[in-house]
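Keep in mind that this is a model prediction, so the values were computed, not measured.
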Amino acid sequence: MNKKCLSRFGLLIGISLVNGGALAQQGDAERGQAAAATCTACHQADGSGMNVPNGESWPRLAGLNADYIAKQLHDFKAGQRQNATMVTFANMLDDQQIADVAEYYSQMPVTPGQGGDEADEALLARGQQLAERGDWNAYIVSCQSCHGPGGTGVGSTFPGVASQHAGYISAQLTAWKNETRSNDPQNLMGAIAKRMSDNDIQAVSAWYATQPGSEEQETAQ
């Protein structure tokens, strides 16, 4: 399969998955603020999460798509995604509370990612290559084929990865690579992550951590 076909294949899969995604029930941000009280210990009051070098990083939730957040909570609750802490908290929420919490975080301003500032130029250059062009020699489709230009996300299926913490991105790519996470559509992330070296994972994680989220991009224009 040549480069042009691979690129079109990635884009077609992305479009079909976005158009085919099920819509979650409507959430209420005001109710979600109350229901999210227990989330702040890890995800912070502003939804910024935290980057913990050599530890468990907690993702930025602020500004993520509400339906995407809701799906992840449902997956934790159903055991389709594993994390001892998140399983406990997800099971404390009913379906309406999940929708409310997701809506609450989706309306928060995007906050800066952490963990990429100390990366050297060579590592960031490799990360940019993977994010924007991929690596056809290794059959790695560019990240933006699914996550959109700038990595700001596409619909409810492909989350914004720009301005996400490097430690969290790296942990999730490693989990897909090691088959300890598998709740993505058609195993797209699993297939791609298996083709990435540890250095590739570190590179693209650092690159996206240094990139502005959608709201920050709009401000800069």
So do [Y] and [X] actually touch side chain to side chain, heavy atoms under 4.5 Å?
X: Ser156; Y: Lys71; answer: no
X: Gln202; Y: Leu123; answer: yes
X: Asp95; Y: His74; answer: yes
X: His43; Y: Pro59; answer: yes
X: Met50; Y: Ser57; answer: no
X: Glu132; Y: Trp207; answer: yes
X: Val101; Y: Gln33; answer: no
X: Lys177; Y: Asp198; answer: yes

Q. Linking Ile, Leu, Val, Met, Phe, Trp and Tyr through side-chain heavy atoms less than 4.5 Å apart, which residues share a cluster with Met92?
A.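 Phe89, which link up through side-chain heavy atoms under 4.5 Å apart, make up the rest of the cluster.
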With sequence neighbours excluded, residues passing side chain to side chain donor-acceptor pair (under 3.5 Å) with [X]:
X: Asn83; answer: Glu56
X: Thr174; answer: none
X: Ser48; answer: Asp46
X: Gln44; answer: none

Shared hydrophobic cluster for [X] and [Y] (ILVMFWY, side-chain gaps under 4.5 Å):
X: Met86; Y: Tyr105; result: yes
X: Leu64; Y: Val161; result: no
X: Ile69; Y: Met108; result: yes
X: Val154; Y: Tyr208; result: no
X: Tyr104; Y: Leu93; result: yes

Residue list, salt bridge (Lys or Arg N to Asp or Glu O under 4.0 Å) with [X], at least two apart or on another chain:
X: Asp117; value: none
X: Arg31; value: Asp100
X: Asp200; value: Arg126
X: Glu179; value: Lys194

Q) Please, which pairs that meet salt bridge (charged side-chain N to carboxylate O under 4.0 Å, His left out) have at least one residue in residues 155-167, sequence neighbours excluded? A)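 Qualifying pairs: none.
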Q.
Filter on salt bridge (charged side-chain N to carboxylate O under 4.0 Å, His left out), then keep only pairs touching residues 76-93, sequence neighbours left out; what's left?
A.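 Checked against salt bridge (charged side-chain N to carboxylate O under 4.0 Å, His left out) - neighbours excluded - no pair reaches residues 76-93.
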Return the minimal non-hydrogen interatomic distance between [X] and [Y], and the atom names on each side.
X: Gly116; Y: Ala209; result: N-CB, 4.0 Å
X: Ala70; Y: Ala102; result: N-CB, 3.8 Å
X: Ser142; Y: Gly134; result: CB-N, 3.5 Å
X: Gly150; Y: Ala162; result: O-CB, 3.1 Å

Side-chain donor/acceptor of [X] to backbone N/O of [Y], under 3.5 Å:
X: Asn178; Y: Thr180; answer: no
X: His165; Y: Gln114; answer: yes
X: His147; Y: Pro159; answer: yes

Q: Under the side-chain contact (heavy atoms from CB on, under 4.5 Å) rule, what do Tyr168 and Asn51 come out as? Steps first, then yes or no, please.
A: CA-CA 7 Å; Tyr168 181 74; Asn51 189 70; 6.0 Å; no
Q: Mind checking side-chain contact (heavy atoms from CB on, under 4.5 Å) for Ser205 and listing every partner two or more places apart, or none if nothing turns up?
A: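 Testing Ser205 for side-chain contact (heavy atoms from CB on, under 4.5 Å), a comparison that skips the adjacent residues, returns Ala166, Ile169, Ser170, Leu173, Ile201.
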Q) Between Asp94, Val87, Thr88, which is the residue that forms a side chain to side chain contact (heavy atoms under 4.5 Å, CB included) with Asn91? A)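 Running side chain to side chain contact (heavy atoms under 4.5 Å, CB included) over Asp94, Val87, Thr88 with Asn91 returns exactly one hit, Val87.
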**Q.** Donor-acceptor pair between Arg181 and Gln172 side chains, under 3.5 angstrom
**A.**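 Distance-only check passes for Arg181 and Gln172.
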Q: Kindly indicate, with the supporting measurements, whether the criterion side-chain hydrogen bond (donor to acceptor under 3.5 Å, both in side chains) is fulfilled by Asn183 and Gln72.
A: CA-CA 9 Å; Asn183 72 325; Gln72 301 312 303; 3.0 Å; yes
Mind checking the [atom1]-[atom2] spacing from [X] to [Y]? Nearest 0.5 Å is all I need.
X: Gln97; Y: Leu73; atom1: CD; atom2: CG; result: 11.0 Å
X: Glu103; Y: Ile98; atom1: CD; atom2: CD1; result: 14.5 Å
X: Thr157; Y: Tyr68; atom1: OG1; atom2: OH; result: 10.0 Å

Q.
Run the side-chain contact (heavy atoms from CB on, under 4.5 Å) test on Phe158 and Thr152 for me, step by step, so that the C-alpha distance in whole Å, both residues' side-chain angles and the decisive distance to 0.1 Å come before the verdict.
A. CA-CA 9 Å; Phe158 303 108; Thr152 56; over 6 Å; no
Q | Test side-chain contact (heavy atoms from CB on, under 4.5 Å) applied to Ile140 and Met196, step by step | A | CA-CA 8 Å; Ile140 299 174; Met196 298 176 71; 3.9 Å; yes
